[in-house]
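One structure is given below, encoded as structure tokens.
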Amino acid sequence: GEAMYVDDIPAPKDCLYGAFMYSTHPHAHVKSVNFRSSLASEKVITVISAKDIPVGGKNVGSGFRMLGEEALFGDPVSEFAGQNIGIVIAETQKYAYMAAKQAVIDYSTENLEPPILTIEDAIQHNSYFQTPPFLAPRPVGDIDQGMSQADHKILSGEVKLESQYYFYMETQTALAIPDEDNCITVYSSTQLPEIIQNVVADCLGIPYHNVRVITRRVGGGFGGKGMKSTHIACACAVAAFKLRRPVRMYLDRKTDMIMAGGRHPMKAKYSVGFKSDGTLTALHVDLGINAGISPDLSPFIPAATIACLNKYNWGALAFDIKLCKTNVSSKSAVRAPGDVQGSFIAEAIIEHVASALGADTNAVRRKNLHSVESLTKFYGDAAGDAPTYSLIDIFDKLASSPEYRSRAEAVERFNGGSRWKKRGISCVPITYEVALRPTPGKVSILNDGSIAVEVGGVELGQGLYTKVKQMTAFGLRELCPDADGLLDKVRVIQADTLSLIQGSFTGGSTTSESSCEAVRQSCTVLFERLKPIKDSLEAKSGAAAPWSALIAQAKMASVNLSAHAYWKPDPAFVKYINYGAAVSEVEIDVLTGATTIMRSDLVYDCGQSLNPAVDLGQVEGAFVQGVGFFTNEDYATNADGLVVNDGTWTYKIPTVDTIPKQFNVELISSARDKKRVLSSKASGEPPLLLAASVHCAMREAIRAARTDFSVNSPLTFQMDVPATMADVKELCGLDVVERHLQSLSSAAEVPTPVA
């Protein structure tokens, strides 16, 4: 409980508190805002709205370079349900919450077009965002030729994936403190302090150096403390700037869930060609992506989706991707954004192909895993050197093992003897392309020999600071006789946008390793400065120079004991691919649709892990979050696009009951690669994709039930994401009890043969 988060910072003198008032209409003029008479409404000090943005500033709540901006206030028109209309300011957070709930907003839809809420609506009205050419994915091969080579074709497959909420433990929060000379300091729970600095300055109309953003740590991010964190920081900043008093906000869970946006819903229609032996020859995908009201980070989603779809050799690949602009809250990056959808779409297609052929799904998967040559064809330079391609070995280790075969046979025996409970088992491989980004790092040795480290990355609970401390000790180890004790001398200090610039953002799973490399380069500079002094001391004394003596002598010699590096990846090695596979076995209750995960076995290629304990936690956590996405997390909205599953009573995250009863994770150390940071690989997001193995195993169990009860088309059926209890029950057949009783009745009516 000693770790300080933004809301733990003691309230400054004269601090005020804010709460958002949000629209409940998807497209309407906001005519007036009033408050019901109540104790809370009497405590309202003021309401901050678009008119309070300073002259020279602009109504902006978020924005990413070259992609576009989103307004801070819905003014004069609310463009989606959940949009901020104004900020209630009160003396306490409780009164601010209560007053915001007492707000009565008068709307008018006069002279406004009907809202566009779905992918289908957007396509009908040609409402799209453009993906910049440098972000667009590329097709592979000749689709017409591939289709002509096929023995069989599926021309009208479809699969849908819904949204997912971040469900961080700490909701959106910020504290803004006005300072002298038109300056402001913002304490923010964010993954991108630099972007908050820029957006707050743009909103207030002041230079960037007048805005200082400080982030010590974040209580869970998963992408939700990215672009979505800028709105609350801007809201606090506008209020503090106007009132000349500190203002803080901490969203209640319901408001956070309504405004968060979450993962991108998608609808994929596909045509696939394949040989009689299961070899794929061509795939065409029409993909609709619901991006919401503003671009946010959505232009990055198509390339990520196609990259993970490419885990199989499709022969030829073509696609038509529509990034749909709709009147709903902007969708943003959620852990493995686009990647998890692309990987699942690939599995849905593979399972459809296997069903059409009546073939074993794993055999079709294995047949279409990439060779080194086809991997390069689909991924280009990211494919890397042949020894680093570990997916086939990983998949064979799981799916071709005698244990897997015996478990599959046991599942078949169980299903043969059980009518109301069915089991399924499935093995799913993944590829996950990540990109390296330029990142700063700074290492400073103080007079007593203690070490302060700054990095561009933010600690979200992913162990970034732990790895950075280790790398600092590793980088300076040759200067210190007690290398083990060096770790205790290192402190990683908070992100501060005026202390370390160009911090970029924390995301994409590579911030830990790039921060570590920036620190290692800084340590190399310090080593080169201190090594001559160390050699001189040891030559005089004939013994190893103590760390404290070395630093004292360096200070006497006026050596610069601070080093800054801005690490940039090699232009020839900006991306690499992560590999893994998982086997999951589930049991479904045919009568209720309840699913129990009996066992999950994960094998993940972490390269030469910088910290296996940290990476193991990342793999396990990502998988469980993925299980939530594929099974229980239903981020439902009403007809106006307003989130209605806005709390734990209706939105079900994984609990102790939903994680696998037996959970095995193995990290494998694949071939060393000098191009990577100490040969390490990412671990934050890729393992989330492995949770598709649970969904695929559920499909196998449902198949067994449909076969038993003679449901129409028992083998081939559309199974979307999430597959909730209700969905599972419906796919098994809502009339299974009636069918069973009917079969008993029919059996009873058969006359007994006379001897």
Side-chain angles (χ1 to χ4, degrees), residues 5-7 20 22 61-62 70 82 161-174 188-192 195-196 215 217-233 249-266 290-292 294 296-298 300-301 304 328-341 458-462 505-509 511 618 621-637 643-648 650-655 658 684-685 687-689 691 721-722:
Y5 293 86
V6 172
D7 198 54
F20 284 127
Y22 53 81
S62 69
E70 182 177 336
L161 301 97
E162 297 300 336
S163 188
Q164 182 184 23
Y165 172 59
Y166 306 95
F167 225 105
Y168 26 58
M169 298 310 293
E170 171 199 44
T171 57
Q172 301 286 358
T173 181
S188 173
S189 177
T190 182
Q191 295 173 234
L192 30 78
I195 292 177
I196 284 193
T215 302
R217 59 173 61 81
V218 173
F222 314 122
K225 300 291 176 63
M227 300 299 287
K228 295 298 179 178
S229 65
T230 62
H231 289 264
I232 194 168
M249 294 176 69
Y250 190 177
L251 299 192
D252 61 86
R253 181 65 69 181
K254 176 175 179 174
T255 303
D256 196 284
M257 293 190 74
I258 284 171
M259 301 183 78
R263 197 182 289 283
H264 290 75
M266 294 190 188
N290 192 337
S294 76
D296 200 278
L297 297 175
S298 297
F300 289 99
I301 299 298
V328 298
S329 179
S330 289
K331 305 308 168 190
S332 194
V334 182
R335 196 176 195 172
D339 309 272
V340 66
Q341 293 101 319
V458 174
E459 177 59 59
L460 314 171
Q462 83 279 44
F505 62 91
T506 302
S509 295
T511 313
Q618 287 292 290
F623 180 83
V624 170
Q625 192 166 22
V627 167
F629 173 57
F630 283 111
T631 59
N632 293 329
E633 295 186 38
D634 185 12
Y635 202 18
T637 61
V643 171
V644 290
N645 284 1
D646 53 15
T648 52
T650 48
Y651 187 86
K652 301 300 182 184
I653 60 172
T655 66
T658 43
E685 294 173 290
L688 187 143
L689 279 56
V721 176

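With Tyr166 as the aromatic partner, Arg335 does not meet the cation-pi criteria of under 6.0 angstrom to the ring centre and within 45 degrees of the ring axis.
For Tyr250, the ring-ring contact (aromatic ring centres under 6.0 Å, His included) test picks out no residue, with sequence neighbours left out. For the side-chain hydrogen bond (donor to acceptor under 3.5 Å, both in side chains) test, no residue two or more places apart in sequence or in another chain qualifies with Thr173. Shown here are the side-chain hydrogen bond (donor to acceptor under 3.5 Å, both in side chains) partners of Thr511, two or more places apart in sequence or in another chain: Arg437.
Side-chain contact between Gln191 and Leu460 is present, with heavy atoms from C-beta onward closer than 4.5 Å. Between Lys225 and Lys228, the closest side-chain pair of non-hydrogen atoms is not below 4.5 Å. Phe167 is not listed as a side-chain neighbour of Pro654, based on a closest heavy-atom distance of 4.5 Å or more. Within the 4.5 Å cutoff, the side chain of Ile301 has heavy atoms near those of the Pro337 side chain. Leu689 is listed as a side-chain neighbour of Asp339, based on a closest heavy-atom distance under 4.5 Å. A heavy-atom distance below 4.5 Å is not found between the side chains of Lys652 and Asp634. Considering only heavy atoms from C-beta on, Gln618 stays 4.5 Å or farther from Pro687 through its side chain.
The two residues Ser294 and Ser330 make their nearest non-hydrogen contact at OG-OG, 2.6 Å.
Donor-acceptor pairing under 3.5 Å is lacking for the side chains of Asn645 and Tyr165.
Side-chain rings of Tyr635 and Tyr651 approach one another, their centers coming within less than 6.0 Å.
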